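For clarity, every value in this text was computed on a predicted model and none was experimentally measured.
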Amino acid sequence: MKKINVVIYGATGSIGRSTLSIISKNLDKINIEGITCNKNILKLLKIAKSYNVKKIGFNEKTINNFNKFNLNKYEVFNDGGKFYSIISKKTDVIIFAASGLSSLDLLLKILKSGKIVGLANKECIITLGKKFISLSRKFKTKIIPLDSEHNSIYHLLSQNLGKYKSITITATGGPFLYYKKNKLRSVTPQQAIRHPVWNMGSKISIDSATMMNKALEIIEAKYLFNLKNNQINAIIHPQAIIHALINYENGISTAVLNKPDMRIPISSLFFGFNKYSNAYRGIELNNYYNFEFMPIDKNKFPAVELGYQVMKVGGLAPHIFNYLNEILVNLFIKKRIKFLDIVKLNEVNMDRFFGKNSNIANPKLNDIKNINNWIDNNLYLGN
Ligand code: NDP
Ligand code: MG
């Protein structure tokens, strides 16, 4: 049987780790053609050695003296601009799990590749907006979302059960679900990164703590599945067993129940929904007498409401929201702003932007780059 050839962008991260865990049990079926990282070159080389990977990529600008590493055995792509060349004619599947917006140009090329893409990175989807789906359709690139909620939606909608009214995604509520708002004023990056259910990279973990992650995921769902604004909503479900629910016009709802384990959505990419290669322990409802669902507290977690507003404004707003969040999360990690400022300053800076600039309904990539410059030069962090 021909092996599935895979390229993994962001192999050294949390999604990368889950992907490798699946591949390690399926070495007779999957071959890793290439892997990339940003600066974690030692980890990358370790993966390359274990999985006999020939092509590696990293960002040379972020690594001091990378020539000291013995790279003779590899074909090296040592600059983000060259990452796309790792993909070859024989590539079957691309895992796009590099974090943040810095890989936007790469994703734009991948959307034109006509390959199968397992897409974890939500930031790039939000910034590309409507262009995302139109490009992938035009070039027949098959996108399989890996974000657990969106992966559930993808499989549920593939069942073609008729007309649906709306889609609900769930949120665990993050590490601060039961904190009083007052206590949130002084939480540290270390506390925010410690997620109760998922083990993820630091940026997405902090997004979960502010619930910005859910705001971004609502917008992600809109663009991935071409939804109207009133067709997508979110609620809290701390057990994280139901990730998304489709509400049909006939009053029926469907959901997939599975443990919170990113290997499940990722393995559906390789083996299809019905053919997971590994037997994950299923759900015994006996162990879940306490399934809970609750509304999101808008006062404690204003990010989600802000996300809805941003989605309604459309145009540049989702990108600005997303871009500002990336900057503000970084400032929080560096302890330059407080936890509650992440969302507050996002709103303030967005208002300042729209006070001085008009919206653009269908922004081009150049518009996005100009806006980033404007934000970089005008960022307001309070007095
Ligand atoms: P991590 O921070 O754990 O990993 C990020 C990966 O991207 C690393 O391999 C990192 O390399 C690489 N990377 C970072 N910046 C760059 C860059 N400028 N150029 C090239 N590579 C880069 O993140 P996660 O794995 O948690 O998340 C990855 C993406 O998937 C995010 O967009 C996130 O929102 C999304 N996602 C993650 C989920 C999860 O469970 N983790 C769930 C749903 C979505 P290096 O190690 O060298 O820094
Ligand atoms: Mg998610």
Look at D92 together with K2 and state whether they make a salt bridge at an N to O cut-off of under 4.0 Å.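 Looking at K2 together with D92, the answer is yes, because their closest N to O distance falls below 4.0 Å.
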Answer yes when K259 and D261 have at least one side-chain N-carboxylate O distance shorter than 4.0 Å, and no when they do not.
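No, K259 and D261 are not salt-bridged.
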Regarding [X] and [Y], is there a side-chain donor-to-acceptor distance under 3.5 Å anywhere?
X    : Y    : result
D207 : N325 : yes
Y323 : D376 : yes
N322 : K122 : no

Beyond-backbone contact of [X] with [Y], side-chain heavy atoms, under 4.5 angstrom:
X    : Y    : answer
S208 : M200 : yes
L135 : I133 : no
L257 : F291 : yes
L340 : K344 : no

Enter the distance from [X]:[atom1] to [Y]:[atom2] here, rounded to the nearest 0.5 Å.
X    : Y    : atom1 : atom2 : value
L379 : L328 : CG    : CG    : 6.0 Å
I169 : L245 : CD1   : CG    : 11.5 Å
I375 : E326 : CD1   : CD    : 11.0 Å
L119 : D147 : CG    : CG    : 9.0 Å
K73  : L45  : NZ    : CG    : 8.5 Å
K222 : L227 : NZ    : CG    : 8.0 Å

*asked:* Exactly one of L20, I95, T19 should register a side chain to side chain contact (heavy atoms under 4.5 Å, CB included) with I32. Which one does?
replied: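 So, applying the side chain to side chain contact (heavy atoms under 4.5 Å, CB included) to I32 and each of L20, I95, T19, only L20 qualifies.
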Fill in: For Y308, the option from N233, N229, I232 that meets side chain to side chain contact (heavy atoms under 4.5 Å, CB included)
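Of the listed options, the one satisfying the test is N233.
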Distance-minimising heavy-atom pair for [X] and [Y]:
X    : Y    : result
N40  : T12  : O-CG2, 3.9 Å
M212 : F321 : SD-CZ, 3.2 Å
A255 : A244 : CB-O, 3.5 Å

Exactly one of H195, K214, H237 should register a side-chain hydrogen bond (donor to acceptor under 3.5 Å, both in side chains) with T172. Which one does?
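Exactly one pass, corresponding to H195.
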Report the residues that fulfil salt bridge (charged side-chain N to carboxylate O under 4.0 Å, His left out) with D105, sequence neighbours left out, ordered by chain and then residue number.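 Only K369 meet the salt bridge (charged side-chain N to carboxylate O under 4.0 Å, His left out) criterion with D105.
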